[in-house]
Amino acid sequence: MYYGSGTYEAFARPEKPEGVDKKSAYIIGTGLAGLSAAFYLVRDGQMKGEHIHLLEKLDLAGGSCDGRKDVTKGFYMRGGREMDNHFECMWDMFRSVPSIETPNVSVLDEYYWLNKHDPNYSLCRATINCGEDAHTDKMFKLDRKSAIALSKLFITPEKDLENKKISDVLPDSFWETNFWLYWQTMFAFQKWSSALEMKRYLCRYVHHIDGLPDFSALRFTKYNQYESMILPLTKYLESNGVKIEYGIDVKNVIFESKQNKKVATQIIYENNGQEKTIDLIEDDLVFITNGCCTDTSCYGDQNNAPDLSKIKNGNGESWDLWKNIASQASNGEFGNPDKFCGNVDLTNWMSATIEVSDENIIKHIINICKRDPRKGKVTTGGIVTVKDSTENWYLSWTINRQPQFKSQNKNSILVWVYALNTTKPGNFIKKAIKTCTGKEICEEWLYHIGIPTNEIEKYADKCNTTTCYMPYINAFFQPREEKDRPLVVPKESINFAFVGQFAETPRDTIFTTEYSIRTGMEAVYTLLKVDRAVPEVWGSKYDVRELLKACYYAVDKKSVDELPLTFAEKQAIKIVEKKIKGTDLEILFKKSGLFK
C-alpha cells in the first residue's frame, strides 16, 4: 500500500489483484469503516460480493452513524457529522455509490450540488443572556502567550506529545480565548484531551482556520447521516451481492504466530444465544472494528432520564472484543484498549434531539440564527454555543437542513443539543444533565433561546425530546502513545486488519467520517496488494500559502506591523522584509495579508 495525490492516481482503475477469486472476507462491524472495507473489496479489489460477509450484532447497519425513529418515543440522533472538501478517501468512495434519491447521479454529485446551491455558514456562533448574540464576530482573540504556544504545538513532533494533555502544552490564558470556545465545542475536545490529537487537528485543518469561526469550512448532508450515507452504501453493497448478517455478536478472533507471520485462524461469535465459530485459512481476510465510541449508549425520552446503572469503566462489548484480541499479542501490536475505555468520567458527553413545531419557539430560533428552519436550507450553519453555560452544562445546539428524516412531519423541525459537562447543574435546571429527562433538557434549551421562565414548562410539554448519554464518546481523545492503537495492518499480519477510529494511520484525525473510510481503504489495499495509490491526507500543513493565511487569520487579520511585537522581533521582521523584497516570497506575504 502506498500514498499518492493528483488525478493520475485518482482517476485510474487498478487491475484485478492476483488470486482475489479464491479469497473471502469477514468484516466485523458495519460502521463506516466496515462498510468502506466492503466497498473497496468490491470496487477496487474486484472480489465477488458473495465472498464478502459483514457481521453485525444489531439489526441495523451504520454503527455510530445512526439516525432512527422510535415510534413510541420519537427521533434519536446521537450525533452529527461535519464534512470537509478534502476528505479524499470519502469522496473517492462516494463518487461510485449511486444516489437513492436522484437517478443516474452519485452520492458525491448530489452532495456537491447541494452544498454549492446552499453553502454552509453561521450567522450566530454563540449566545449569552438567553438568546442574545455573544458577538464572537469571527475573532479568535488569542493572546501572545497562547498564539506562541499553538505555533509551538503545530511543529512539535508527535513522539514528544505522547501521553500529554492539552493543558500540559497550552497556557491558562488559552481557555479564555474565542479560539478555544470554537475549537472545544466544534470538535468536543476537553482540557484533558490528547495534545497529540490536537496537534493532528491543527495540522490537518490549517487550511480551514479562516472558516472555523463561522463554519464556512464545513459541508453537511441533506438528511441525517444514516439516510444520507449509510443507506446508499448498504444498497450499493447488496446490489453487488454482499451479504450483511445481522445478530452476529463477535466475541473473539483467534490468531496463530508462526515463522514471523501472524494469521487469523478463527472467529468466535454468538448468534441466538449459541456460541459458534468460523474457521479461517490464510485466504480468508478478516477486518476488525476494534472499539466503538458509542458503546453502551444509554437512552432516555421525554419523561425518563437514561438508566446509567450498568456503566462501569472498561465495560462494553466492543471493548471486550478488543481486550480479547489484545491479550493474544506478543509485543503489544494489537493496541491497548484500557488506555481509551478506562475512565468514563473523562470520556462522556450527552446529546438530545428535540422535535419542535410550535410557532413561538420557531420565532425565537429565527431571532437567533436569522433563518427560517422550515425553508429546507442551512439554518444555524453549525452549532450555536451557549457561552454563559460554560461552567454549567456547556450547552450547544444546532438545526441542520430540515427535514432531517424523510419520515419527519412536514411541520416539525429537529434540534440537536449536546452538553460537554454532564455532572454540573444547568443554568435553569439545577441538576446534572445526565440525571435529566428529555423534558428537563428541553426546558434548559428553551431558557437559553429566550422563552420567558414562566412559560418554559408549557412549551417543553409541546415538544418531544429524546436523550442519549454516551460514556465513551470522547474515548479516542484520551492521551496516548502511538502503540496504543494497532496499525491498520499490523506488522507480520497475513490476513487481518483493524479498521475504525481506534486503528492507527498517520496524520489523519479521528472522530471523522474520513478516518473510518481511510482505514477501510488502507486495509483492503494492503491485504489485497491493490496497485493504486491511497489518497494521502491533504497536505495543507506543507503549503506555505495556507500557513501564511492561517497566521493572518489567527491574529484576527492583522498585518505584522499591527502586532504587539518586541523591539527585537520588529528588527527581525525588517530584516525579513529586506531579504525577500522583489521575490515571490514578498508576493506571498502580501497576498496573505501579513505584509502590507
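Any value given below was found using the heavy atoms of this structure, including those in side chains, with hydrogens, waters and symmetry copies removed. Position 1 is the first residue of the sequence; numbering continues from there.
A centroid separation of 6.0 Å or more is found between the aromatic rings of F94 and F87. Taking the six-membered ring wherever Trp is involved, the centroid distance between the rings of F476 and F511 falls below 6.0 Å. Checked against the 6.0 Å centroid criterion, the rings of Y182 and F140 qualify as a close aromatic pair. Proximity of the aromatic rings of Y121 and F215 is defined here by a centroid distance below 6.0 angstrom, and this criterion is not met.
Ring-plane geometry between H86 and W538 is classed as parallel, the angle between the planes falling under 30 degrees on a 0 to 90 degree scale with a further cut at 60. Ring planes of W397 and W445: perpendicular class, angle over 60° (limits at 30 and 60°).
Ion pairing between E88 and R518 fails under the 4.0 Å rule for side-chain N and carboxylate O. Ion pairing of E504 with R200 is present here, as a side-chain N (NZ or NE/NH1/NH2) and a carboxylate O approach within less than 4.0 Å. At a threshold of 4.0 Å, the pair K262-E333 counts as salt-bridged, since one of the basic side-chain nitrogens sits closer than that to a carboxylate oxygen.
At a cut-off of 3.5 Å, with distance as the only test, a side-chain donor of K339 or N163 sits close to an acceptor on the other residue.
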Trace of the side chain to side chain donor-acceptor pair (under 3.5 Å) decision for Q478 with N343: CA-CA 9 Å; Q478 287 293 85; N343 193 338; over 6 Å; no
From CA spacing to verdict: side chain to side chain donor-acceptor pair (under 3.5 Å), Y246, N271: CA-CA 9 Å; Y246 296 103; N271 177 236; over 6 Å; no
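A cation-pi arrangement is present between R68 and Y299 under the rule of less than 6.0 angstrom and at most 45 degrees off the ring axis. For the pair R485 and F502, the cation does not sit on the ring face, since its NZ or CZ is not both under 6.0 Å from the ring centre and inside 45° of the axis.
Side chain of D70 to main chain of K73: a donor-acceptor pair is present (N/O by atom type, distance under 3.5 Å, no hydrogens or angles). A donor-acceptor contact shorter than 3.5 Å is absent between the side chain of D214 and the backbone of S122.
With sequence neighbours excluded, the residues satisfying side-chain contact (heavy atoms from CB on, under 4.5 Å) with K434 are L308, M350, T422, T423, A432, Y469. Residues passing the salt bridge (charged side-chain N to carboxylate O under 4.0 Å, His left out) test with D160, sequence neighbours excluded: none. Remark: Q404 pairs with no residue by the side chain to side chain donor-acceptor pair (under 3.5 Å) rule, at least two apart or across chains.
Under the side-chain hydrogen bond (donor to acceptor under 3.5 Å, both in side chains) rule, R204 has a single partner from T509, T512, D508, which is D508. Among the candidates F189, W180, W183, the single residue satisfying the ring-ring contact (aromatic ring centres under 6.0 Å, His included) test with W175 is W180.
Here the side chains of I166 and S194 are not in contact, with every heavy-atom distance at 4.5 Å or above.
Of all the heavy atoms in W319 and G314, the pair that sits closest is CB-O, 3.8 Å.
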